[in-house]
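See structure below.
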Amino acid sequence: MTARFLLHIGANKTGTSSVQRMLAQNAPALARAGWLYPEFHLQHCAHHPLAYALAGHPTRGLAPGWREGFARAIADPAPRVVISSELFFRNVPPRAAATLFPPGETRIVLYLREHLSYLASWYAQAVQERNLTASFDDYIQLFPQPFTQFLKGWEEVYGAGAITLRPFRRDALTGGDIRTDFLAQMGGMDGIAMPKADSNLSLSGNLLFFKRMLNQVMSHAEAHAHPIPDEFGAYAELDPRFHGRFEIGHETAAQVARRFAPDRAALAARGLDLGPVPDRVAGQPCPDHPRLQADIDLIARVAHETGKAFLPYARRLPAWPG
């Protein structure tokens, strides 16, 4: 029996946004291939509000009657339905998901990433978008949950046979591209126009460290206020040392490898190879002490010239020029 629903549940930091943009911008090609990507409350091309609603989120869910609205959005029984939000994997109870996407009628696709690169990418995003002040070494202590802790819940509800695990590794992806690989999971199709690749750069080096400093003097609400996270994304283009990977030493890499070794083994037993275990990550020092004040001066000069929204908060820092 062909499953009616294909549920792409993440995980985050595995190119989900690029998959979602591709699906949202190719409705005619999907329809010709017998697929529907519902425009039901899409947020940034993804079904995040639907995931929040199923999770029972008190403020980010949907208004009463959303289940009836979703039923109308997929009322045509002919096309298969593809749903995508990385929020499903960690935030939605699988039994809640099953009330909308029944076991036996649903196939799940989940991409997972090598633990150290996954944590480093999530950490940089958290510093940029929130008021996280922890160092990376502290952050990994706060993040003990293995992938399989969440995966087991999905297996209990849907069965391991209904879940396709894919490694987020360029050498393992079809065509070396997450979008092409996901289309292969859908059976492949012609006429797909690939959107421009995401140009968002990960913060690194002294820019990442400065944002940590700034987070110390900002409240949760201030750090989240638009457009401050986006301002730092633009700053990443100022200097090659402000983006890309940040340096992770042997001791930290070994600690992550030990912590997640059982998880890695459990995934390998399921046939998922996350790739080599790194013994360090070469990248930008964070902080780069000899250049720190000069880089803060650069950040300050551009902030004053362009009237950045974070300026009032930056002035709370003793190291802020002027």
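On a predicted model such as this, the values are computed, not experimentally measured, just so you know.
Residues E247 and C286 are not in side-chain contact: their nearest non-hydrogen atoms beyond the backbone lie 4.5 Å or more apart. Considering only heavy atoms from C-beta on, L267 comes within 4.5 Å of T148 through its side chain.
Looking at Y123, its side chain does come within 3.5 Å of a backbone N or O of A134 through a donor-acceptor pair. With hydrogens and angles ignored, the 3.5 Å screen pairs a side-chain donor or acceptor of D181 with a backbone N or O of T174. Judged by distance alone, the side chain of K13 and the main-chain N or O of L112 form no donor-acceptor pair under 3.5 Å. Of the possible polar contacts, one joining the Q128 side chain to the P229 backbone as a donor-acceptor pair under 3.5 Å is found. When atom types are taken as modelled, the side chain of Q43 and the backbone of A46 share no donor-acceptor pair closer than 3.5 angstrom. Of the possible polar contacts, one joining the R179 side chain to the P195 backbone as a donor-acceptor pair under 3.5 Å is found. Side-chain atoms of H224 come within 3.5 Å of backbone atoms of H220 as a donor-acceptor pair (strictly under, hydrogens ignored). With N26 contributing its side chain and A193 its backbone, the two residues share a donor-acceptor pair below 3.5 Å. Listed for the D273 side chain is no donor-acceptor partner under 3.5 Å among the backbone atoms of P167. Looking at H41, its side chain never comes within 3.5 Å of a backbone N or O of P49 through a donor-acceptor pair.
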Evaluate side chain to side chain contact (heavy atoms under 4.5 Å, CB included) for W66 paired with L54, printing each intermediate quantity in order. CA-CA 10 Å; W66 66 265; L54 285 167; 3.7 Å; yes
Audit row: T252, D137, side-chain hydrogen bond (donor to acceptor under 3.5 Å, both in side chains) steps and yes/no: CA-CA 7 Å; T252 301; D137 284 353; 2.7 Å; yes
Yes or no on side chain to side chain contact (heavy atoms under 4.5 Å, CB included) for F242 and L208, after CA distance, side-chain angles and deciding distance? CA-CA 7 Å; F242 285 177; L208 180 62; over 6 Å; no
Kindly determine whether V127 and R130 satisfy side chain to side chain contact (heavy atoms under 4.5 Å, CB included), including the steps that lead there. CA-CA 6 Å; V127 171; R130 305 203 296 270; over 6 Å; no
Quick one: do T2 and R80 satisfy side-chain hydrogen bond (donor to acceptor under 3.5 Å, both in side chains)? Show the steps, please. CA-CA 9 Å; T2 300; R80 289 171 288 172; 5.6 Å; no
Could you check L7 against V109 for side chain to side chain contact (heavy atoms under 4.5 Å, CB included), going step by step and ending with a plain yes or no? CA-CA 6 Å; L7 193 57; V109 176; over 6 Å; no
Begin with the C-alpha distance, continue with both residues' side-chain angles, and end with the deciding distance and a verdict on side-chain hydrogen bond (donor to acceptor under 3.5 Å, both in side chains) for S117 and R245. CA-CA 9 Å; S117 66; R245 296 177 178 177; over 6 Å; no
Begin from the C-alpha positions of R259 and Q141 and carry the test side-chain hydrogen bond (donor to acceptor under 3.5 Å, both in side chains) through to its verdict. CA-CA 10 Å; R259 178 183 289 267; Q141 299 297 328; 2.9 Å; yes
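With respect to R316 and E222, a salt bridge is recorded, a charged nitrogen being found less than 4.0 Å from a carboxylate O. Electrostatic pairing of R241 and D295 counts as a salt bridge here, judged by a charged N lying under 4.0 Å from a carboxylate O. The pair R301-E305 meets the salt-bridge criterion, with a side-chain N (NZ, NE, NH1 or NH2) lying under 4.0 Å from an Asp/Glu carboxylate O. The residues R270 and E155 are annotated as salt-bridged, a charged nitrogen and a carboxylate oxygen being separated by less than 4.0 angstrom. Between D177 and R170, none of the side-chain N atoms (NZ, or NE/NH1/NH2) sits under 4.0 Å from a carboxylate O, so this pair counts as no salt bridge.
Summarising the local packing, CG of D171 is surrounded by more than 12 heavy atoms from other residues, nucleotides or ligands at distances under 6.0 Å. Counting heavy-atom neighbours within 6.0 Å of R60 CZ, excluding the residue itself, gives a total of 12 or less.
No path of Ile, Leu, Val, Met, Phe, Trp and Tyr side chains, each step under 4.5 Å between heavy atoms, connects L165 with V277, placing them in separate hydrophobic clusters. Transitive grouping of hydrophobic side chains (ILVMFWY, heavy atoms separated by less than 4.5 Å) brings L116 and Y139 into a common cluster. The hydrophobic clustering, which links ILVMFWY residues whose side-chain heavy atoms are closer than 4.5 Å, places I248 and L207 together. Note on I140 and L274: same hydrophobic cluster, where clusters join Ile, Leu, Val, Met, Phe, Trp and Tyr whose side-chain heavy atoms are under 4.5 Å apart, directly or indirectly.
Here the NZ-CZ distance, from K308 to F232, works out to 9.5 Å after rounding to the nearest 0.5 Å. Note that CZ of F210 and CG of N215 are 9.5 Å apart. Values are rounded to the nearest 0.5 Å. Of the inter-residue distances, the one linking N206 atom CG with H289 atom NE2 reads 8.5 Å to the nearest 0.5 angstrom.
The aromatic rings of F260 and H115 sit parallel to each other, their planes meeting at less than 30°, with 60° as the upper class boundary. Note on ring orientation: taking the six-membered ring where Trp is involved, the planes of F310 and Y235 are tilted (angle from 30° to 60°).
In summary, the side chains of T99 and R67 do present a donor paired with an acceptor at a separation below 3.5 Å, with no hydrogens or angles considered.
Exactly one residue among F40, F5, Y37, Y52 makes a ring-ring contact (aromatic ring centres under 6.0 Å, His included) with H47. That residue is Y37.
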What side-chain donor-acceptor pairs closer than 3.5 Å can you find for residues 82-92, not counting sequence neighbours?
from, atom 1, to, atom 2, distance (Å)
S84, OG, H8, ND1, 2.8
S84, OG, Q20, NE2, 3.1
S85, OG, H48, ND1, 2.7
S85, OG, L87, N, 3.2
E86, OE1, T16, OG1, 3.3
E86, OE1, Q20, NE2, 2.9
E86, OE2, T16, OG1, 3.4
R90, NE, Y118, OH, 3.3

